[in-house]
Every structure is written in C-alpha cells, then in structure tokens.
Amino acid sequence: MSAGRLRGHNGPVESPAKPTRVVIVDDNPEFVDSARRLLEHQGARVVGVASTNADALRSVQELRPDVTLVDVNIGEESGFDLAEALHEIDSAATAPVILISTHAEPDLTDMIESSPAVAFLAKSALSASAITAALGRPGKSR
C-alpha cells in the first residue's frame with residue numbers, strides 16, 4: 001500500500017493531502033480535551049491550545065495554524081476581543097477565526113457579524129467537516 005493510501009472498509013482510500021491545523025482557545029479543559037480527540041479522530045491536527053487571550057496570541061503567531069477556534073467567553077476575557085486582536089496583527093498572515101460557544105448563535109448575532117471571525121459554530125456542532133465548510137463559506141471576508 002502506498003504512503004498516501006489507507007485501508008478502509010471497502011479497500012484502500014485516499015488520505016487527505018494535508019490535515020487542517022487547528023489551535024483551540026477555550027478555558028474549559030474538559031471541552032478542549034473532547035474537541036481535540038474528536039477533531040483528530042476526524043483527521044484534523046490540533047497543533048496547540050490556549051486558555052487565555054495572551055497565550056492564544058503567542059500560540060497563533062508561533063504555530064501558524066490553518067484555523068483558530070475561539071470560545072466567545074474565555075474565562076473573564078472576550079473571544080470577540082481576541083478575534084479582533086488576531087485580525088489586527090496581520091489579517092493576511094493570521095489564520096481565520098471561527099467563534100465557538102455553548103450559547104445559541106441568535107443570542108450573539110450582532111457581535112458575530114461585527115467581528116472579523118469568518119464563522120460561528122455551536123460547540124455541539126463542532127466537527128472537522130463543519131470547520132471545513134465554515135472556511136469555505138462565502139460571505140464574510142477576513
């Protein structure tokens with residue numbers, strides 16, 4: 001079997017050329033652990049995690065992920081503020097931000113629309129395919 005092929009239930013299948021590299025920013029260690037396991041099981045690669053805005057800024061600049069998942073409430077800090085700070089660093093070089101929350105999207109619509117984030121995902125809907133779909137969604141520019 002070649003290096004780019006994996007054995008599936010119905011024979012060899014092509015593996016993704018390059019997994020999506022993700023940084024997760026959330027102050028809930030249980031959620032981070034669950035999200036990491038889920039995303040990695042689905043083929044994404046979690047390259048870093050952070051639980052504060054300062055750690056997140058350092059991680060994103062150092063690790064250069066393909067996408068940064070940012071909880072809207074990071075302890076006492078705001079994920080919206082972090083999304084703005086990441087955008088201000090260098091919006092062309094910084095990974096797109098997807099905001100995540102246990103809150104329903106309608107509760108946050110105004111803040112989501114005014115943020116530089118490319119999308120919002122409910123934590124309960126988080127998956128590698130949801131991230132891929134959100135990154136490909138036309139509409140908001142970064």
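Numbers for residues simply follow the sequence, beginning at 1. These numbers were taken from a predicted model, which means no experiment stands behind them.
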(request) Kindly give the heavy-atom pair with the smallest separation between A35 and L126, and that separation in Å. (result) CB-CD2, 3.9 Å
Indicate every side-chain donor-acceptor pair of residues 41-48 with a distance under 3.5 Å to a residue at least two apart or in another chain.
unit_1: Q42; atom_1: OE1; unit_2: A128; atom_2: N; d: 2.7

(message) Any side-chain to backbone donor/acceptor pair from D26 onto N28? Under 3.5 Å, distance only.
(response) yes
(message) What's the separation between atom OG in S124 and atom CD1 in I100, rounded to the nearest 0.5 Å?
(response) 11.0 Å
(request) With the side chain counted from C-beta on, respond yes when D71 and D27 share a heavy-atom pair under 4.5 Å apart, and no when they do not. (result) yes
(request) Taking all non-hydrogen atoms of both residues into account, name the closest pair between L135 and P96 and its distance. (result) CD2-CG, 3.7 Å
(message) Taking F80 as the starting point, is it possible to reach I89 by hopping between hydrophobic residues whose side chains are less than 4.5 Å apart?
(response) yes
(request) Could you grab the distance from atom CG of L108 to atom CD of E113, nearest 0.5 Å is fine? (result) 11.5 Å
(request) Check T20 against V67 and note the closest heavy-atom contact, atom names and distance. (result) CG2-CG1, 3.9 Å
(message) Going by the rule side-chain hydrogen bond (donor to acceptor under 3.5 Å, both in side chains), which residues pair with S129 if we only count those two or more places apart in sequence or in a different chain?
(response) S127
(message) Would V25 and L69 count as a side-chain contact (heavy atoms from CB on, under 4.5 Å) here? Give the steps.
(response) CA-CA 6 Å; V25 185; L69 303 178; over 6 Å; no
(request) List the atom of A95, the atom of T68, and the distance in Å for their closest heavy-atom pair. (result) CB-OG1, 3.9 Å
(request) Work out which heavy atom in R21 is nearest to a heavy atom in R64; give both atom names and the distance. (result) NH1-O, 2.7 Å
(request) Find out whether P116 and E84 are in side-chain contact, i.e. whether some heavy atom of one side chain is under 4.5 Å from a heavy atom of the other. (result) yes
(request) Check the pair V72, S78 against side-chain contact (heavy atoms from CB on, under 4.5 Å), reporting the backbone distance first and the verdict last. (result) CA-CA 6 Å; V72 298; S78 166; over 6 Å; no
(request) For P65 and V60, work out which heavy atoms get closest and say how close. (result) CD-O, 3.6 Å
(message) Just verifying a value: how many Å separate F120 CZ and L99 CG, rounded to the nearest 0.5 Å?
(response) 7.5 Å
(request) Could you tell me whether R36 and D33 make a salt bridge, using a distance below 4.0 angstrom between a side-chain N and a carboxylate O? (result) no
(request) Determine, step by step, whether I98 and I131 satisfy the side-chain contact (heavy atoms from CB on, under 4.5 Å) criterion, reporting the C-alpha distance in whole Å, the side-chain angles of both residues, the deciding distance to 0.1 Å, and the verdict. (result) CA-CA 8 Å; I98 295 176; I131 291 170; 4.1 Å; yes
(message) Let's go through N73 and H103 carefully: what are the C-alpha distance in whole Å and the side-chain angles of both, what is the deciding distance for side-chain contact (heavy atoms from CB on, under 4.5 Å) to 0.1 Å, and is it a yes or a no?
(response) CA-CA 10 Å; N73 294 313; H103 298 285; 3.4 Å; yes
(message) Once rounded to the nearest 0.5 Å, what's the spacing between atom CD1 of I24 and atom OG of S51?
(response) 12.5 Å
(message) How long is the straight-line distance from CG of N53 back to CD of E76, given to the nearest 0.5 Å?
(response) 11.5 Å
(message) With rounding to the nearest 0.5 angstrom, report the CG to OG distance, L82 to S115.
(response) 11.0 Å
